[in-house]
Q: 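First the structure, which I've put down as structure tokens, then a few questions once you've had a look.
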Amino acid sequence: VWCCDFSDTAVALVKANPASDPARLTAFVADISEAGGGALAVHVPPRSIAVCTLVFVLSAVAPARFSQTIRNLAATLVPGRGRL
């Protein structure tokens with residue numbers, strides 16, 4: 001499982017949770033709207049995600065960057081099976 005957030009604090013809270021198992025969960029800070037995918041592209045292999053959920057995410061992305069954000073996320077989805 002990969003999870004990311006714009007906030008260092010949010011990622012630190014996830015990592016500090018006793019139920020968070022680093023062998024099963026990779027939490028990292030990322031601006032998913034960066035051109036080229038930024039940290040998202042570094043941490044998540046292309047075409048590897050079956051399901052991507054965006055909880056309170058798109059409201060934090062500037063409308064002018066929606067297209068780039070969707071392209072970045074789409075690059076992580078398994079072709080023909082991935083769901084956003």
Side-chain angles (χ1 to χ4, degrees):
V1 174
W2 293 278
C3 69
C4 64
D5 198 286
F6 291 110
S7 166
D8 293 326
T9 303
V11 171
L13 286 171
V14 168
K15 289 180 175 183
N17 186 316
S20 179
D21 178 359
R24 299 185 61 211
L25 174 77
T26 301
F28 58 96
V29 175
D31 177 352
I32 61 171
S33 69
E34 281 185 80
L40 182 66
V42 169
H43 290 281
V44 181
R47 300 174 304 280
S48 63
I49 302 289
V51 177
C52 177
T53 60
L54 303 166
V55 179
F56 302 116
V57 172
L58 293 180
S59 63
V61 174
R65 297 180 82 176
F66 277 179
S67 293
Q68 182 64 54
T69 300
I70 297 304
R71 283 192 298 275
N72 292 343
L73 295 169
T76 69
L77 297 175
V78 175
R81 294 187 321 164
R83 299 291 181 253
L84 182 61

Q: Got a second to check how far L13's CG is from T9's OG1, nearest 0.5 Å?
A: 7.0 Å

Q: Would you kindly say whether D5 and S7 are connected by a side-chain donor-acceptor distance under 3.5 Å?
A: no

Q: Decide yes or no on side-chain contact (heavy atoms from CB on, under 4.5 Å) for C4 and V11, but give the supporting numbers first.
A: CA-CA 7 Å; C4 64; V11 171; 5.9 Å; no

Q: Would you mind telling me which of D21, L25, T26 makes a side-chain contact (heavy atoms from CB on, under 4.5 Å) with V1?
A: L25

Q: Work out which heavy atom in A41 is nearest to a heavy atom in G36; give both atom names and the distance.
A: CB-O, 3.5 Å

Q: I'd like to know if I32 and F28 are part of one continuous hydrophobic network [Ile/Leu/Val/Met/Phe/Trp/Tyr, side-chain heavy atoms within less than 4.5 Å].
A: yes

Q: Roughly how far apart are C3 SG and K15 NZ, rounded to 0.5 Å?
A: 8.5 Å

Q: Does any non-hydrogen side-chain atom of V61 lie less than 4.5 Å from one of F6?
A: yes

Q: Between the side chain of D8 and the main-chain N/O of V29, is any donor-acceptor distance below 3.5 Å?
A: no

Q: L73 versus L54: any side-chain heavy-atom pair under 4.5 Å?
A: yes

Q: Let me check something: any side-chain donor-acceptor pairs from residues 43-50 under 3.5 Å, sequence neighbours excluded? List them with distances.
A:
residue : atom : partner : partner atom : Å
S48     : OG   : P45     : O            : 2.6

Q: How about R65 and Q68: does a side-chain donor come under 3.5 Å of a side-chain acceptor?
A: no

Q: Tell me, do C52 and L77 make a side-chain contact under 4.5 Å, heavy atoms counted?
A: yes

Q: Honestly curious: do L40 and L58 fall in one hydrophobic cluster under the side-chain, below-4.5 Å linking rule?
A: yes

